[in-house]
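Shown next, in structure tokens, is the structure this report addresses.
Numbering of ligands and ligand atoms starts at 1, following listing order.
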Amino acid sequence: MTENLSPGRPALETIAASHGVASDTAFGAVTPPLYMSSTYTFEGYDQPRAHDYGRSGNPSRDLLADALAKLEGGAGAVITSSGMAAIDLLLGQFGPDDLVLAPHDCYGGTYRLLNARAERRQFQVVFVDQSNDRALDAALEDVPALVLIETPSNPLMRIVDIAAIAAKAKSAGAAVAVDNTFLSPALQRPLTLGADYVIHSTTKYLNGHSDVIGGAIIAADPAQVEVLRKWANVVGSIGAPFDAWLTLRGLRTLFPRIERQQLTATVIANHLEHHAAVARVHYPGLKSHPGHTIARRQQRGYGAMLSFELVGGVEAVRRFISHVRMFTLAESLGGVESLVAHPATMTHADMGDEARRIAGISDGLLRLSVGLEDERDLIAGLDLGLSAC
Ligand SMILES: *Cc1c(COP(=O)(O)O)cnc(C)c1O
């Protein structure tokens, strides 16, 4: 029997749930097998098969790459050992004369990577508030080679208009990459909005179970896919087969997970917005959010990440953390379990005080990743923390 293909062009939900299902020709396994082998037999003299060595290709990893490329609407994908490795694979394409234009409030690890590489003169970097048209236009006059976008941003959930920035960047001659980790292709598809690359930390929503570190980069242009594939083999930043297999298993439930998680996140955001201990809530689904209109247009939902500021500042944070229940104090996001993080001392500690101040990340800010627990339990757990503030 051949692969159980959908009769028409499958919906994204179908791709996530079933890409590669029943495609095993050896034993007819319904679930795609895990291939751990590091090397592959040649059929004979000068006759390699589809795979020869595990750094250059692996069937389990390739299956995940194909699934993600289809979900994002790209020509292909490269699966890397982490989200940072995916970003670094892209950055490796640029040279000392190239300028990278990055968001001023990007993921802390991305900020650290960009600065570390720029300090070694591997390229130049400038950080800009991309929601500020004047600042963005001025930065584009310096002819960047790459514009990196992150929306919603971490941890303030700022929204930028991907289509508008991509159009401007294109006319300035820059390539455009979007870090889509916070929403996943279930809720946002940047390639359809004009981006050239999509980057993921598959560690987050795509795997969704907080048991794998992994990354992916998807390109719109087949030639760019080949270049990235070649470089992943050259530098060896590829993901492990078992990690790819687990991530594909996690991907099966991406849509129902994130849809349920964002429903609960909406309830929590509304609850927090009306709580006396909370000064501000940052959730794109709230009408009060400055990016709400753009988010409604460019996203299929508002996601399950939010952050909020406590009236009592850092002292209130301390009390909240020791009394909150249901939300585990940990970095990372996108898993089935709810987490709370304090960006100033955790995810964004390496940024330094000044850069955090410019990015608007206060010491009283807390970030939530909303999981799959019942919303009543989550709100009861939050209220224990809030009433201690
Ligand atoms: C976690 C994260 C990364 C880095 O991914 P790792 O898998 O931890 O290397 C990059 N961008 C965003 C937005 C992230 O949340």
Heavy-atom closest contact (Val278 atom, Val311 atom, distance): C-CG2, 3.8 Å

Smallest separation among heavy atoms of Arg252 and Ile15, with atom names: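 The pair with the smallest heavy-atom distance is NH1-O, 4.1 Å.
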
Linked hydrophobic residues, Ile162 as query - side chain contacts closer than 4.5 Å: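 Same cluster as Ile162: Leu99, Leu101, Val126, Val128, Leu136, Leu140, Val147, Ile149, Val160, Ile165, Val176, Val178, Leu193.
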
With sequence neighbours excluded, residues passing side chain to side chain contact (heavy atoms under 4.5 Å, CB included) with Ala244: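 Only Arg61, Leu64 meet the side chain to side chain contact (heavy atoms under 4.5 Å, CB included) criterion with Ala244.
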
Residues forming a side-chain hydrogen bond (donor to acceptor under 3.5 Å, both in side chains) with Ser153, sequence neighbours excluded: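 Result, side-chain hydrogen bond (donor to acceptor under 3.5 Å, both in side chains) vs Ser153: Asp105.
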
side-chain contact (heavy atoms from CB on, under 4.5 Å) assessment of Leu378 paired with Leu368: CA-CA 11 Å; Leu378 290 175; Leu368 301 182; over 6 Å; no

For ligand 1, run through the N/O pairs with the protein that fall under 3.5 Å and put one pair on each line.
residue: ligand 1; atom: 5 (O); partner: Ser201; partner atom: OG; Å: 3.0
residue: ligand 1; atom: 7 (O); partner: Gly83; partner atom: N; Å: 2.9
residue: ligand 1; atom: 7 (O); partner: Ser201; partner atom: OG; Å: 2.8
residue: ligand 1; atom: 7 (O); partner: Thr203; partner atom: OG1; Å: 2.7
residue: ligand 1; atom: 9 (O); partner: Gly83; partner atom: N; Å: 3.0
residue: ligand 1; atom: 9 (O); partner: Met84; partner atom: N; Å: 2.9
residue: ligand 1; atom: 11 (N); partner: Asp179; partner atom: OD2; Å: 2.7
residue: ligand 1; atom: 15 (O); partner: Lys204; partner atom: NZ; Å: 2.8

